[in-house]
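Single-structure report; data block below.
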Amino acid sequence: MTSNEYDYLRKLLKDRSGLVLSADKQYLVESRLLPIARRLGLTKLSELVPKLKVPGAEPLIVEVVEAMTTNESFFFRDKVPFDHFRETVVPALLAARAQERRIRIWCAAASTGQEPYSIAMCVKEMAAKLAGWRIEIIGTDLSVEVLEKAKAGVYSQFEVQRGLPINMLVKYFVQSGETWQIAPELRAMVQYRPLNLLVDFAHLGNFDVIFCRNVLIYFDQPTKIDVLVRLARITPADGFLMLGAAETVVGLTDTFRPVPERRGLCVPTKGDAKAAPAKPKAPESPRLAVAAGGR
Amino acid sequence: MKTCLVVDDSSVIRKVARRILEGLEFAITEAEDGEQALSECQRELPDAVLLDWNMPRMDGYEFLRALRRLPGGDRPKVVFCTTENDVAHIARALHAGANEYIMKPFDKDIVEAKFQEVGLI
Ligand SMILES: C[S@@+](CC[C@H](N)C(=O)[O-])C[C@H]1O[C@@H](n2cnc3c(N)ncnc32)[C@H](O)[C@@H]1O
């Protein structure tokens, strides 16, 4: 593959999915895309590139873009976000939404479903507190292929052993030979649809909690900022954003700020003014103090 | 350093488990069956037990029940590690006081995840 061809693929991927690849990632592109080229009867990636430029190439482009996504996910990945969800987020929303008794949750990079189903299990475990509440969980992803797997909810023995406590496996899965399927009542709690974070998502409505984990890491800075700013628009002042372990809003945007002592958890700063209306500049106001300290 | 008793009648599995657990900074003792494991536990209770199900003399399930009746026997975290991968066996093990359950075949990541799950790491 010539550097021109590599640059063409890099630009295509950046435009379509936000994925940024440095000049030294050619090997990664080769290993992910060669199987597609081979399937088309081609021997080299150089032969694939022209095929992406012709009219009617759209399905192939989609396939190339999906093949370059990293879809790895685990149940209860990193554990603490789910502790924060149970111990901080849900109690706050139980108070804040006592009238509506409705909570909307969005997994913005749902991949193969482990994250939304982990949230659904948390919700089930809190059933007593949430009795009579409507909990909506929506999982979206750029890749249609991973969403198919998410919808089916069928996982290998290896996949159900990384991060998933054994009692949850017994309670919320149905065994079928070597594989385990999410129980129907849990599957019914999550709706899936394809969605590209680069494209407007305001039509989804507002969400009380957004899990946007381990996807911003693949984007460049302006793209991260753009996505975060648009997420802030659909997060109410008392809502929450959960980021991945290697992700932060600090240094990117003022629309969210991290919650102290709650790694990964952020809140919109538009709630801050309301929390301290009397002294908008007072450094002792906890919400403002943190917003300033975070920069 | 935390201690882990590895109970399996296969010396190959014991060796694999030892290598993984030593990598996670456990001091390892081994037993070939439930009877040997029980006398080990009567001598000294480990922090963790990695436990096979099917073994000659005393199987893992019987060992677990006997262990939980020893004075202080509720303390060790017991992680089953077995080819008995059906939900009925898993439910029985949990009922008898197992803390976690590994279905064979397993790898290092799974052992690490399960030991983390029960607070051993
Ligand atoms: C590593 S997975 C993260 C899964 C899960 N959130 C977790 O943390 O375990 C990243 C996912 O982001 C998706 N993705 C990548 N670019 C995207 C975009 N522009 N819009 C929506 N999803 C995207 C990929 O398809 C992939 O499934």
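Labels below follow one simple rule: chain letters A, B, ... track the order of the sequence lines, proteins then strands, and each chain is numbered from 1.
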> For residues 66-76 of chain B, which residue pairs qualify under salt bridge (charged side-chain N to carboxylate O under 4.0 Å, His left out), counting only residues two or more places apart or in two chains?
Replying inline: none

>> Testing the basics here: between A:G163 and B:A113, what is the closest heavy-atom pair and its distance to 0.1 Å?
In response: N-CB, 4.0 Å

> Is it the side chain or the backbone of A:L169 that comes within 4.5 Å of chain B heavy atoms, both, or neither?
Replying inline: side chain

Show me the donor-acceptor pairs under 3.5 Å between chain B and chain A.
| from | atom 1 | to | atom 2 | distance (Å) |
| --- | --- | --- | --- | --- |
| B:N85 | O | A:Q175 | NE2 | 2.6 |
| B:N85 | ND2 | A:Q157 | OE1 | 3.3 |
| B:V87 | N | A:Q175 | OE1 | 2.8 |
| B:E100 | OE2 | A:I166 | N | 3.0 |
| B:M103 | N | A:Q161 | OE1 | 2.9 |
| B:M103 | O | A:Q161 | NE2 | 3.0 |
| B:K104 | O | A:Q157 | NE2 | 3.1 |
| B:K114 | NZ | A:L164 | O | 3.2 |

